[in-house]
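Atom set for the values below is all heavy atoms of this structure, side chains included, hydrogens, waters and symmetry mates excluded. The structure displayed is predicted, hence computed values, not measured ones. Residue numbering restarts at 1 for every chain, and letters A, B, ... go by the order of the sequence lines.
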Number of protein chains: 2
Amino acid sequence: MSARNPKRRSEAASPKRPVVNRASAGKGGVREARSAERRDAILAAALEEFAANGFAGTRLDDIAQRAKIAKGTIYLYFADKETLFQELLRAMFAPIVRALEHIPKSDMPTRDILERMIGLFVQEVLGTRRKDVIRLIIAEGPRFPKLAEFHYREVLSRVMAAMSALMARAIARGEVKNQAYAKFPQLLAAPGLVAVIWSGLFERFAPLDVAAMMRAHLDIVFGERKTP
Amino acid sequence: MSARNPKRRSEAASPKRPVVNRASAGKGGVREARSAERRDAILAAALEEFAANGFAGTRLDDIAQRAKIAKGTIYLYFADKETLFQELLRAMFAPIVRALEHIPKSDMPTRDILERMIGLFVQEVLGTRRKDVIRLIIAEGPRFPKLAEFHYREVLSRVMAAMSALMARAIARGEVKNQAYAKFPQLLAAPGLVAVIWSGLFERFAPLDVAAMMRAHLDIVFGERKTP
DNA sequence: ATAATATGACTGACTGGTCAGTCAGTAAAT
DNA sequence: ATTTACTGACTGACCAGTCAGTCATATTAT
């Protein structure tokens, strides 16, 4: 949306041109290859710009320049700025949710499972631009109800449900004492959120040893255990 | 700032006119009274608009309309949009920090002290627009380094130091077992942050019983204690 | 007390820069 | 030769910030 009541001309526009037109998925793809390349370049550039400037503060001209294409090209791949924004955020999280859900359901000790999840989180979220994406969702969510809903439905509710189930099992097994973690998986995840926000805003004033904090958190959850 | 590289004419402008001109603070104040009123009206309107639309997405015309004044009047009280924004955020937190620091240093049980703090937090932050202000800081902080720094210096570092001291005392007294809370007061505060963000974004999909969650959190910190 | 004058708060139409979205024209692939 | 992808100058809405003019209050003169 251009700030106010835009959607100036294009009705419910959707990019009609490239997008690997027709079914010919398999062969011949000089065009298709380029098409996918372009799309990725646009998304990558958009990520940088949106992460740095927020939705309203980002100019499509800058995205185009960074992706080394003309502005018009963006509109061949995405209907408008808002669509680009939302598709970007969606695309960023699909892999993570899949990865999180695929972490062995095995009967590995729960603490080990959580340590893996934290490792994944530190590496794939804190260590990448995904942490900025989380900040973007927090920042822009209220202005894009669809976005908040999508992320609740596709990411949060699933992650929370998985955590809740994991903790319920841990409690049943006697690995964890406090029942609250099954009822409020938010308590389990909270330090992760703090890490994201701290690293985005205050790192340079007071660096936070995220790994140590997470370890301390697990010690609390599982009742001490000084791993020297 | 008008999106890009503005600061069109006014150098380091600062509002010169009203602001209770001269020293005559005590009497004669028909003008002064109105002046303070106007300022408050502008800040109140700005809070609504910024909370709803973010910094870049907010129009001064809307703030003026909401405050029922002309746009030009804003510039009699604030140098520019950015100054208004920052003053607003600062003003919103001064009272809270003061209140938090004034919570009795008495030797009340630490759990009681924390329960009071949480009560204050639920009432004065979650129950007011201050929760939106926190979201604004998270959202716009990276774009306004001064803002992030100010909030680290004036709010966060103080709150964190106070929490850390409180927990160190509780540990010394044997009220709390885990030393980590003194080293990472973030672990103590994390659920509060989750509450702010959840209530701002996902409340309508999945309401969160913040009071219950905070109680559960304290149970964890102090090692169970079912208060029926 | 009342009128004349001075002060400074307030107004809103205006300016100039900005930017989302468009489309006629060009280049490349088939 | 034809179809499809790409380009970038252009348009029109938009909005921060300005300033000449208006009006309410305060001050001084009568």
Roughly how many Å is it from [atom1] in [X] to [atom2] in [N], rounded to a whole number?
X     : N      : atom1 : atom2 : value
A:Q65 : C:dC19 : CD    : P     : 12 Å
A:D61 : C:dT22 : CG    : P     : 14 Å
B:L60 : D:dC14 : CG    : P     : 16 Å
A:I42 : D:dC6  : CD1   : P     : 8 Å
B:I74 : D:dC15 : CD1   : P     : 14 Å
A:K81 : C:dC19 : NZ    : C1'   : 8 Å
B:F78 : D:dA16 : CZ    : P     : 16 Å

Exercise. Is B:E140 salt-bridged to B:R143, going by a charged N under 4.0 Å from an acidic O?
Worked result: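 Salt bridge flag = yes for B:R143 with B:E140.
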
Exercise. Is it true that B:E82 and B:K146 make a salt bridge, defined as a side-chain N closer than 4.0 Å to a carboxylate O?
Worked result: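 Not counted as a salt bridge, because no side-chain N and carboxylate O are separated by less than 4.0 Å.
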
Exercise. Under the salt bridge (charged side-chain N to carboxylate O under 4.0 Å, His left out) rule, what pairs show up with a residue in residues 41-52 of chain A, not counting sequence neighbours?
Worked result: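 Matches after skipping sequence neighbours: A:E48-A:R129, A:E49-A:R66.
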
Pairs under 3.5 angstrom, nitrogen or oxygen only, protein versus nucleotides 7-10 of chain D, please.
{"residue": "D:dT7", "atom": "OP2", "partner": "A:A70", "partner atom": "N", "Å": "3.1"}
{"residue": "D:dT7", "atom": "OP2", "partner": "A:T73", "partner atom": "OG1", "Å": "2.6"}

Exercise. Just how far is it from atom CE of B:M160 to atom OH of B:Y152, taken to the nearest 0.5 Å?
Worked result: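 That separation rounds to 9.5 Å.
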
For this session: Among A:K131, A:R130, A:R116, find the one that has a salt bridge (Lys or Arg N to Asp or Glu O under 4.0 Å) with A:E124.
Result: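 It is A:R130; the other options fail the test.
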
Exercise. Nearest of D:dC6, C:dC19, C:dG21 to any side-chain atom of A:D80?
Worked result: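 Shortest atom-to-atom distance from the side chain points to C:dG21.
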
Exercise. With respect to the phosphate group of C:dT11, does any side-chain polar atom (N or O) of B:Y75 fall under 4.0 Å of OP1 or OP2?
Worked result: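 Negative; the distance criterion is not met.
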
Under 3.5 Å donor-acceptor pairs involving side-chain atoms of residues 197-210 of chain A, not counting sequence neighbours:
{"residue": "A:W198", "atom": "NE1", "partner": "A:A206", "partner atom": "O", "Å": "2.7"}
{"residue": "A:S199", "atom": "OG", "partner": "A:A195", "partner atom": "O", "Å": "3.2"}
{"residue": "A:S199", "atom": "OG", "partner": "A:V196", "partner atom": "O", "Å": "3.1"}
{"residue": "A:E203", "atom": "OE2", "partner": "A:L208", "partner atom": "N", "Å": "3.0"}
{"residue": "A:D209", "atom": "OD1", "partner": "A:A211", "partner atom": "N", "Å": "3.4"}
{"residue": "A:D209", "atom": "OD1", "partner": "A:A212", "partner atom": "N", "Å": "3.0"}

